[in-house]
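Have a look at the structure below before the remarks.
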Amino acid sequence: MGIIKKIVERATKSKNPDSKRYKWDMARQMCGHHIKYVTEKRNEVDEVIGRSGGLNIRDDELLVFASADVLMRCKIEEMQAWELLSKDGVVITAPDLEHGGIERTIIVYYVYYR
């Protein structure tokens, strides 16, 4: 039964990045990945803002946790997220509830396991 469910979910996966379903599917896909490092563009330079952490879902929020701190906390339905072409990470743009609600864009790079 598990295989059939996965096939049906993949076949009916939302392709509209503005839909609630797409955002929740993306959040679930990111959740549980281990973070190698997180960057943010500051003064036209990508700066590393955190290392070694994880992505988690709490209620209706996505939490990016690295360097023993919450780097970003956002409502899943308000975020825009897309995978890097290499599949080694994800770009997240959203109002950051952890830092006063300002809109931020961060790039999360996953730990690569062989």
Side-chain angles (χ1 to χ4, degrees):
M1 281 302 232
I3 294 172
I4 294 172
K5 183 178 179 184
K6 286 184 181 182
I7 292 171
V8 170
E9 284 177 358
R10 184 174 288 157
T12 61
K13 187 175 179 181
S14 176
K15 293 169 181 59
N16 177 4
D18 294 324
S19 72
K20 289 181 182 181
R21 182 171 177 198
Y22 179 91
K23 292 175 183 187
W24 274 97
D25 288 345
M26 192 65 178
R28 285 187 202 101
Q29 182 179 332
M30 290 185 288
C31 184
H33 276 281
H34 297 282
I35 294 174
K36 184 175 184 179
Y37 60 94
V38 181
T39 64
E40 182 176 24
K41 188 168 280 204
R42 295 180 180 166
N43 300 323
E44 301 302 318
V45 177
D46 281 338
E47 291 185 20
V48 175
I49 59 172
R51 295 182 186 278
S52 185
L55 294 149
N56 295 305
I57 296 173
R58 183 187 305 154
D59 298 325
D60 62 342
E61 296 178 347
L62 178 75
L63 286 91
V64 180
F65 183 81
S67 295
D69 194 18
V70 176
L71 298 181
M72 178 182 250
R73 181 172 57 95
C74 64
K75 297 283 186 186
I76 292 172
E77 295 178 6
E78 294 177 3
M79 75 174 187
Q80 294 290 318
W82 57 95
E83 284 186 314
L84 299 176
L85 290 176
S86 64
K87 305 285 187 199
D88 289 343
V90 65
V91 179
I92 303 169
T93 300
D96 184 2
L97 302 173
E98 194 69 19
H99 296 95
I102 61 169
E103 185 164 300
R104 295 173 61 203
T105 299
I106 62 171
I107 304 173
V108 177
Y109 294 91
Y110 302 141
V111 172
Y112 178 71
Y113 291 106
R114 273 198 150 173

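Quick caveat, the model's predicted, so the values are computed rather than measured.
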#### Entry: Reported SG-to-CD1 distance for the pair Cys74 and Ile106, which is rounded to 0.5 angstrom
8.0 Å
### Task
Write down the atom of Gly101, the atom of Pro95, and the distance for their closest heavy-atom approach.
O-CB, 3.6 Å
### Task
Report whether Tyr22 and Ile57 are members of the same hydrophobic cluster (ILVMFWY, side-chain heavy atoms less than 4.5 Å apart, transitive linking).
no
### Query
Excluding sequence neighbours, so at least two apart, what forms ring-ring contact (aromatic ring centres under 6.0 Å, His included) with Tyr110?
His33
### Task
Name all pairs fulfilling the salt bridge (Lys or Arg N to Asp or Glu O under 4.0 Å) condition that reach into residues 78-89, sequence neighbours left out, sorted by first residue then second.
Glu83-Lys87
### Query
Hey, are the side chains of Arg104 and Ile49 touching, using non-hydrogen atoms and a 4.5 Å cut-off?
yes
### Message
Going by side-chain hydrogen bond (donor to acceptor under 3.5 Å, both in side chains), name the residues that satisfy it together with Arg58, two or more places apart in sequence or in a different chain.
### Response
none
### Message
Tell me every residue that passes salt bridge (charged side-chain N to carboxylate O under 4.0 Å, His left out) with Lys75, counting only those two or more places apart in sequence or in another chain.
### Response
Asp60, Glu61
### Message
Quick check for you: to the nearest 0.5 Å, what is the distance between Thr39 atom OG1 and Arg42 atom CZ?
### Response
10.0 Å
#### Entry: Listed once per pair and sorted, the ring pair (Phe, Tyr, Trp, His ring centres under 6.0 Å) pairs that draw on residues 36-88, sequence neighbours left out
Tyr37-Tyr109
## Note on the structure
Sorted by chain and number, sequence neighbours left out, side chain to side chain contact (heavy atoms under 4.5 Å, CB included) with Glu98 holds for Val70, Arg73, Asp96
### Task
Answer yes if Val108 and Ile76 sit in the same cluster of Ile, Leu, Val, Met, Phe, Trp and Tyr residues linked by side chain heavy atoms under 4.5 Å apart, and no otherwise.
yes
### Task
Under the salt bridge (charged side-chain N to carboxylate O under 4.0 Å, His left out) rule, collect the residues that match up with Arg28, sequence neighbours excluded.
Asp25
### Task
Hey, could you give me the CE/CD1 distance between Met79 and Ile92, rounded to the nearest 0.5 Å?
6.5 Å
### Query
Where is the tightest heavy-atom contact between Ala81 and Val90, given as atom of each residue plus distance?
CB-CG2, 4.3 Å
### Task
For residues Leu55 and Leu63, determine if any side-chain heavy atom of one lies less than 4.5 Å from a side-chain heavy atom of the other.
no
### Query
Which residues satisfy the salt bridge (charged side-chain N to carboxylate O under 4.0 Å, His left out) test with Glu44, sequence neighbours excluded?
none
### Message
Side chains of Lys23 and Gln80, heavy atoms from C-beta outward: is any pair under 4.5 Å?
### Response
yes
### Task
Side-chain contact test, heavy atoms from C-beta onward, threshold under 4.5 Å: evaluate it for Val38 versus Val48 and give yes or no.
no
### Message
Run the side chain to side chain contact (heavy atoms under 4.5 Å, CB included) test against Thr105 and tell me which residues pass, sequence neighbours left out.
### Response
Val91, Thr93
### Message
Would you compute the distance between atom CE of Met26 and atom OG of Ser19 and round it to the nearest 0.5 angstrom?
### Response
12.0 Å
